[in-house]
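Working notes, beginning with the structure itself.
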Amino acid sequence: MFKYGQYCPVAQALEILGDRWTLLIVRDLLSGTRHFNHLARGLPGISRGLLASRLQRLQDTGLLEKEESAGGRTATTYVLTEAGLALRPVIGALMVWGANWSFGEPDPKALDPLLLMWWMHDRVHTDRLPADRIVIEFNFRTASRDLYWLVVKPGDVSLCVQHPGFDVDVFVEADLAIYYKVWMGWLDYEAAVGAGLIRLDALPAYRRDFPSWFAWSIAAPTIRSVRDARASAPNET
């Protein structure tokens, strides 16, 4: 932890929140992530030791509480305190600022297909499924590993990196960068499909309803708003 040595609320807040990964951990906790392994999967660049250290720091500073639940086996969950929950508008403001001032065409080095699939895994409307089980295969043509599967059942979503052994109901094929842009709200799903940038092979009803099965990124409404504002702004000459 870096100490600024200043009697200033900004400096003292940054002594708690300014370390690398800390605000992304808070972002994911605010989004509903509660377990250590789930946090680790959503932050693939962080080591487990550093994640444990950052979580302990958030506990020590009163932003986070660790709860143990006894069942078949003890499970640990992480819950934000009142002080931690009060960071929601801070994260929201950073999202708006980032969408306006630092978000543009994706850097290929920042496109992780497994991370995208994990985000999608967390944002499925399982109550909108047309069957007891839907298997979706994603083929990201430019990713180092092409194929991933979501096995979606009422109340449960599994992410698979090997074929799950069930018949596939929906085949999705797209360039990884294109699907990232759709997921984040920079490109509309219907426009991408219409332009042939995303290809779906499924029953007609599944093709029609597929986009409604996902909540898409939590950042998507903000990014769409920024995108539309830029598109409608008068061109400078």
Side-chain angles (χ1 to χ4, degrees), residues 28 31-35 37-38 40-44 95 99 103 105-108 110-228 231:
D28 288 357
S31 298
T33 306
R34 293 288 180 267
H35 300 284
N37 286 339
H38 288 183
R41 292 193 72 173
L43 301 166
M95 185 182 298
F103 193 78
E105 288 296 319
D107 180 349
L111 303 181
D112 181 338
L114 187 56
L115 177 59
L116 174 61
M117 290 302 304
W118 183 250
W119 286 344
M120 294 171 66
H121 159 277
D122 277 350
R123 302 280 288 170
V124 179
H125 292 299
T126 59
D127 58 330
R128 299 182 182 178
L129 296 181
D132 290 338
R133 181 180 64 222
I134 293 290
V135 180
I136 310 169
E137 179 180 287
F138 292 87
N139 183 354
F140 299 124
R141 296 185 293 249
T142 60
S144 57
R145 179 189 183 91
D146 289 336
L147 299 181
Y148 300 85
W149 295 264
L150 290 178
V151 180
V152 187
K153 297 183 289 186
D156 181 68
V157 182
S158 297
L159 168 58
C160 302
V161 296
Q162 302 292 336
H163 196 289
F166 304 115
D167 291 339
V168 176
D169 300 290
V170 180
F171 295 87
V172 183
E173 185 178 3
D175 181 274
L176 180 60
I178 291 296
Y179 212 90
Y180 253 100
K181 291 171 74 172
V182 170
W183 181 257
M184 298 301 294
W186 197 251
L187 178 63
D188 287 333
Y189 171 83
E190 292 80 7
V193 170
L197 300 175
I198 295 177
R199 292 181 58 251
L200 253 70
D201 185 5
L203 294 172
Y206 289 2
R207 288 201 305 269
R208 181 194 66 222
D209 295 339
F210 174 79
S212 69
W213 298 347
F214 295 91
W216 304 100
S217 169
I218 59 173
T222 299
I223 293 170
R224 290 189 191 108
S225 178
V226 170
R227 177 202 65 189
D228 294 345

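The structure presented is a predicted model; accordingly, all values stated were derived computationally and were not measured. These numbers come from the heavy atoms of this one structure, side chains and all, not from hydrogens, waters or symmetry mates. Just so you know, residue 1 is the first one in the sequence shown, and it goes up from there.
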inquiry  = Around atom CG of D167, are there more than 12 heavy atoms from other residues, nucleotides or ligands closer than 6.0 Å?
reply    = no
task = Say whether, by atom type as modelled, one donor and one acceptor occur between the side chain of R207 and the main chain of A202 under 3.5 angstrom.
result = yes
Which pairs of donor and acceptor atoms, one on a side chain in residues 150-159, lie under 3.5 Å apart (sequence neighbours left out)?
none

Side chains of residues 190-201: which donor-acceptor pairs under 3.5 Å do they make with residues two or more places apart or in other chains?
from : atom 1 : to   : atom 2 : distance (Å)
R199 : NH1    : E173 : OE1    : 2.6

Which atom of R128 lies closest to which atom of S212, heavy atoms considered = NH1-O, 2.9 Å
key: Stepwise side chain to side chain contact (heavy atoms under 4.5 Å, CB included) check, R41 with W118   = CA-CA 7 Å; R41 292 193 72 173; W118 183 250; 3.3 Å; yes
task = Determine yes or no for a side-chain-to-main-chain donor-acceptor pair under 3.5 angstrom, with N139 supplying the side chain and L147 the backbone.
result = no
task = Determine, step by step, whether V170 and F138 satisfy the side chain to side chain contact (heavy atoms under 4.5 Å, CB included) criterion, reporting the C-alpha distance in whole Å, the side-chain angles of both residues, the deciding distance to 0.1 Å, and the verdict.
result = CA-CA 9 Å; V170 180; F138 292 87; over 6 Å; no
ask   = Should Y180 and L115 count as side-chain neighbours, where that means a heavy-atom distance under 4.5 Å?
value = yes
Close side-chain approach of W149 to H163, heavy-atom, < 4.5 Å = yes
message = Please report the interatomic distance OG1(T222) to CE(M95), rounded to the nearest 0.5 Å.
response = 5.5 Å
inquiry  = So, taking the atom named CD1 in I223 and the one named CD1 in I218, what distance separates them when rounded to the nearest 0.5 Å?
reply    = 10.0 Å
task = Compare all side-chain heavy atoms of F171 with those of I136 and state whether any distance is below 4.5 angstrom.
result = no
inquiry  = For H125 and F214: C-alpha separation, side-chain torsions, deciding distance, then whether side chain to side chain contact (heavy atoms under 4.5 Å, CB included) applies.
reply    = CA-CA 6 Å; H125 292 299; F214 295 91; 5.7 Å; no
query = Can you find a heavy atom in the side chain of Y148 that is under 4.5 Å from one in the side chain of C160?
reply = no
message = For D209 and Y206: C-alpha separation, side-chain torsions, deciding distance, then whether side chain to side chain contact (heavy atoms under 4.5 Å, CB included) applies.
response = CA-CA 5 Å; D209 295 339; Y206 289 2; 5.9 Å; no
message = Can you give me the closest heavy-atom contact between G185 and R224, atom names plus distance?
response = O-CG, 3.1 Å
inquiry  = Testing the basics here: between D175 and A177, what is the closest heavy-atom pair and its distance to 0.1 Å?
reply    = OD1-N, 2.8 Å
message = Less than 4.5 Å apart, side chain to side chain, heavy atoms only: is that true for Y179 and L116?
response = yes
message = I'd like to know whether CG of D132 has more than 12 heavy-atom contacts from other residues, nucleotides or ligands below 6.0 angstrom.
response = no
ask   = In Å and rounded to the nearest 0.5 Å, what is the CD1 to CZ distance from I134 to F210?
value = 11.0 Å
query = Would you call D112 and P44 a side-chain contact if the rule is heavy atoms closer than 4.5 Å?
reply = yes
ask   = Mind checking whether F140 and L111 have side chains closer than 4.5 Å, heavy atoms only?
value = no
query = Less than 4.5 Å apart, any side-chain heavy atom of S217 and any of R123?
reply = no
ask   = Any ion pair linking D188 and R227 (charged N to carboxylate O, less than 4.0 Å)?
value = yes
W183 ring center within less than 6.0 Å of W216 ring center = yes
inquiry  = Tell me whether T33 contacts the main-chain N or O of H38 through its side chain, where contact means a donor paired with an acceptor under 3.5 Å.
reply    = no
